[in-house]
Amino acid sequence: MAEKKKRLHMQERTAAERVRDFQEVPLGYTPEEAMAEAKRCIQCKNPLCVKGCPVEVKIPEFIKLVAEGKFAEASRKIKETNALPAVCGRVCPQEEQCELKCILGVKGEPVAIGTLERFVADWEREHGKQEPRRSAAGSRVAVVGSGPAGLTCAGDLARLGYQVTIFESLHVTGGVLTYGIPEFRLPKKIVDLEVEYVKTLGVEVKTDMLIGNVYTIEELLKDYKAVFIGSGAGLPKFMGIPGENLDGVYSANEYLFRVNMMKAWKFPESLTPVKIGKRVAVVGGGNVAMDAARVSLRLGAAEVTILYRRTQEEMPARIEEIKRAREEGIVFKILTLPVAYHAAEKGWVKEAECLQMELGEPDASGRRRPVAIPHSEFRLPVDTVIVAIGNSPNPLIPMRTPALKTEKWGGVIVTAEGLTSLPSVYAGGDIVRGAATVISAMGDGKRAAKAIDRLLSPVKQ
Amino acid sequence: MARIIKKELLNENVSRLTVDAPHIARAARPGQFVVIIPREDAERIPLTIADADVAKGTITIIFQIVGATTTVLDSLPEGAEIAHLLGPLGTPSHIAKLGTVVVIGGGVGIAEIYPAVKAHKAIGNEVITIIGARNKELLIYEKELTAYSSRLVVTTDDGSAGRKGFVSDELKDIIASGKKIAEVVAVGPVPMMRVCCETTKPHGIKTVVSLNPLMLDATGMCGVCRVTVGGQIKFACVEGPEFDGHQVDFAELTARLKGYKDVEKQAHDHVCRLLKGLEK
């Protein structure tokens with residue numbers, strides 16, 4: 001057997017270059033690089049990587065096709081189970097999923113499955129043929145939300161022949177892929193094309209439709225045989241500390257919504273403004289905190305500081321995103337907890353009052369609990385604070401659907417197949433899990449699509 | 001997309017649009033609002049649903065031309081399409097048979113109280129309506145509101161119509177007359193709503209206000225509309241826009257409404273240049 005070469009890493013734009021614009025950071029593989037990397041795959045008979053993938057992408061099969069230079073065929077192979085490969089190739093935490101299970105990772109580096117998926121999707125976008133739009137005649141199914149869970153569920157159901165309508169509350173499709181993840185990590189053109197692909201499968205998309213208010217779930221069930229709720233984790237958490245409602249204190253949702261969705265970076269050509277000043281503090285240690293910090297740099301902030309109460313070890317963000325944020329010059333103030341914000345005369349935030357922390361005994365999450373060091377208060381001058389400490393499930397549909405059972409923290413309760421407490425109503429993604437990952441939401445969408453098919457077409461089973 | 005069926009100027013600064021939106025007309029209840037994006041590059045702005053006609057499938061919205069996006073909206077003629085229209089949003093007003101209800105509207109809020117006045121009348125309440133404006137020219141909806149009010153009182157700051165003074169002066173007099181009031185509803189500029197609440201609080205008269213904080217998505221996601229009510233953070237877009245006025249932190253609301261004032265002119269100037277055709 002030929003000696004296995006080292007993993008090929010994607011080329012990236014330099015930090016100095018990329019902080020000046022919103023274009024993507026990694027450059028992707030060339031066809032030669034993709035074929036070389038694909039040849040590293042040893043084509044396991046019992047591939048563990050597939051078990052690590054929530055949407056069961058046929059990983060060894062598509063990689064074999066890439067190794068042979070059959071990129072169009074590789075794309076079709078991925079799309080048999082995954083309608084959004086260009087998205088997954090970019091934002092999935094492969095290091096915790098497929099690549100974590102790759103046998104090559106035991107002694108060396110795993111195959112770059114995510115980068116290969118991204119390559120195939122990008123190649124298809126540039127070279128592939130537009131598929132003709134399909135039409136379906138099966139039962140009607142309503143999908144609430146056009147984020148990763150909704151798009152996956154809708155795409156899978158359409159492929160099975162159902163007539164699917166997606167109801168999206170915002171004016172643009174994509175959910176968190178559009179309002180949450182910034183352009184430089186997931187270009188909106190790519191999200192749009194993935195949505196277009198789902199439409200070619202026969203899915204109808206209605207924007208500006210807030211289910212719960214425009215139609216209740218019960219009303220939808222009069223026109224649709226089943227409903228899938230994928231309304232996401234839209235409710236931003238705040239810390240409840242003094243000064244959090246001052247001007248200049250944003251939730252990460254508000255901040256990213258202004259920039260990503262409303263294109264505030266080109267104000268006044270786009271009429272939605274965003275104001276950040278020179279010194280930005282971002283509270284939190286997840287991917288959203290990294291996104292907010294890196295967006296701030298690109299909007300011209302002179303100094304961007306991440307405030308996190310534990311250490312980098314405990315940060316939930318992907319290592320790759322932390323690395324890129326550091327390269328770009330984000331300051332990491334770890335073991336730091338904001339306890340109050342103070343305003344200048346006109347009511348705009350001026351200082352973040354913080355406590356220095358140290359790590360104590362492990363807590364319920366297994367991570368060491370941060371404990372305040374007495375008399376360690378200090379004040380950090382800021383012009384903007386972005387609170388990125390997480391989101392809760394969007395409460396609107398549960399509020400308007402009293403019969404829908406939820407957990408105390410707001411998550412919709414579902415069975416193993418995604419069925420809620422209401423017959424024919426399924427749910428998945430962040431409305432069930434709280435803020436989780438794109439790919440877990442897609443896995444939920446896929447699982448619910450299978451269950452809806454079993455419900456509506458029992459004869460096939 | 002939603003087509004503008006009819007456009008009327010109610011005064012030099014306020015326009016009324018009748019818009020084709022059957023799904024919104026069907027579901028709309030008093031106290032609810034829509035989000036409008038008049039053109040793709042514009043903001044998402046919240047506007048109260050001033051009326052809904054289920055049979056015709058239309059809703060009525062009334063807006064004051066104050067900033068960039070309302071200027072864009074006002075530039076659309078009859079027959080034109082609004083790029084995006086989302087609604088109904090927010091939690092509907094709580095309308096119950098209570099006895100005497102005083103409904104107060106100030107400025108463009110005069111039109112916004114129309115659904116509440118109609119609903120309170122329909123359920124059998126005695127409705128005393130007080131409307132106020134700076135001067136006679138700015139008064140709107142007097143005729144429409146008269147039709148559903150037991151009594152309608154007009155106040156103007158300069159005395160050019162009705163009583164000279166503020167809506168709160170009339171409210172004070174009604175309370176002083178010993179009239180038993182079950183509820184006060186106040187919709188208008190923040191200082192007006194605050195003064196109405198200060199007037200009723202010592203008498204323990206429940207007072208409902210409709211708040212107008214900044215909003216973006218207006219579906220409960222961004223939190224820019226957060227207000228402090230009874231010491232708790234509430235999202236006005238979903239849990240409101242109506243709240244118990246005696247519990248509202250008006251000082252915080254006033255401060256949060258000023259956050260973007262300084263850049264509004266920049267946007268407005270851009271839109272004016274655009275509309276004059278000086279730019280592409």
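The shown structure was predicted, so the numbers you read here are calculated from the model rather than taken from an experiment.
Proximity to chain B (any heavy atom under 4.5 Å) is shown, for Val249(A), by both the backbone and the side chain. Proximity to chain A involves both the backbone and the side chain of Leu89(B), based on heavy atoms less than 4.5 angstrom apart. Neither the backbone nor the side chain of Val227(B) comes within contact range of chain A, judged by heavy atoms closer than 4.5 Å. At a 4.5 Å heavy-atom cutoff, the contact between Glu219(A) and chain B is made by side-chain atoms alone. Asn213(A) touches chain B through backbone and side chain together, each having a heavy atom under 4.5 Å away. Within the 4.5 angstrom heavy-atom criterion, only side-chain atoms of Leu396(A), from C-beta onward, approach chain B. In this structure, no portion of Val176(A) lies under 4.5 Å from any heavy atom of chain B. If you measure heavy-atom distances from Leu246(A) to chain B, the contacts under 4.5 Å come from the backbone alone.
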Requested in this report: Tell me, with the steps shown, if Trp348(A) and Asp262(B) meet side-chain contact (heavy atoms from CB on, under 4.5 Å).
Outcome: CA-CA 12 Å; Trp348(A) 198 271; Asp262(B) 54 342; over 6 Å; no
* Working for side-chain contact (heavy atoms from CB on, under 4.5 Å), residues Phe267(A) and Gln266(B) -> CA-CA 9 Å; Phe267(A) 178 83; Gln266(B) 219 181 321; 3.8 Å; yes
- Task: Output, in order, the C-alpha distance, side-chain angles, deciding distance and verdict of salt bridge (charged side-chain N to carboxylate O under 4.0 Å, His left out) for Asp41(B) and Lys263(A).
- Result: CA-CA 8 Å; Asp41(B) 58 359; Lys263(A) 303 185 172 63; over 6 Å; no
- Task: Mind running side-chain contact (heavy atoms from CB on, under 4.5 Å) on Leu235(A) and Phe235(B) for me, showing each step along the way?
- Result: CA-CA 10 Å; Leu235(A) 183 70; Phe235(B) 284 13; 3.6 Å; yes
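Atom CE of residue Met262(A) and atom SG of residue Cys222(B) lie 10.5 Å apart, to the nearest 0.5 angstrom. Between atom CG of residue Asn253(A) and atom CG of residue Leu216(B) there is a gap of 10.5 Å, rounded to the nearest 0.5 Å.
No other option in Glu239(B), His268(B), Glu43(B) has as many heavy-atom pairs under 4.5 Å with chain A as Glu43(B). Counting heavy-atom pairs closer than 4.5 Å to chain A, the top-ranked of the candidates Gly220(B), Pro88(B), Ala68(B) is Pro88(B). When the candidates Pro395(A), Pro236(A), Ala233(A), Gly240(A) are compared by the number of heavy-atom contacts under 4.5 Å with chain B, Pro236(A) comes out ahead. The residue among Glu264(B), Glu40(B), Arg256(B) with the most heavy atom pairs within less than 4.5 Å of chain A is Arg256(B). Of all the listed residues (Val263(B), Thr69(B), Asp269(B)), the one sharing the greatest number of non-hydrogen pairs under 4.5 Å with chain A is Val263(B). Chain B forms more heavy-atom pairs under 4.5 Å with one residue of Asn394(A), Val214(A), Thr216(A) than with any other, namely Val214(A). The greatest number of non-hydrogen atom pairs below 4.5 Å with chain B, out of Met209(A), Arg258(A), Met399(A), Arg400(A), is found for Arg258(A). Chain B forms more heavy-atom pairs under 4.5 Å with one residue of Pro273(A), Gly347(A), Ala343(A) than with any other, namely Pro273(A).
Residue pairs meeting the ring-ring contact (aromatic ring centres under 6.0 Å, His included) criterion with at least one member in residues 55-84 of chain B, sequence neighbours excluded, are His171(A)-His84(B). Residue pairs meeting the ring-ring contact (aromatic ring centres under 6.0 Å, His included) criterion with at least one partner in residues 236-265 of chain A, sequence neighbours excluded, are Phe22(A)-Trp265(A), Tyr250(A)-Tyr255(A).
The shortest distance between side-chain heavy atoms of Met221(B) and Tyr179(A) falls below 4.5 Å. Residues Leu85(B) and Asp208(A) fail the side-chain proximity criterion, which asks for heavy atoms closer than 4.5 Å.
Along residues 22-39 of chain B, the residues that come nearer than 4.5 angstrom to chain A, judged on non-hydrogen atoms, are His23(B), Arg26(B), Ala27(B), Gln32(B), Ile37(B) in order of number.
Other residues, nucleotides and ligands contribute over 12 non-hydrogen atoms within 6.0 Å of the NE2 atom of His342(A).
Thr228(B) meets the side chain to side chain contact (heavy atoms under 4.5 Å, CB included) test with Asn245(A), Asp249(B), Glu252(B); sequence neighbours excluded.
The backbone N or O of Gly259(B) lies less than 3.5 Å from a partner atom in the side chain of Lys275(A), making a donor-acceptor pair. A distance-only check finds no donor-acceptor pair linking the side chain of Ser251(A) to the backbone of Gly223(B) [under 3.5 Å].
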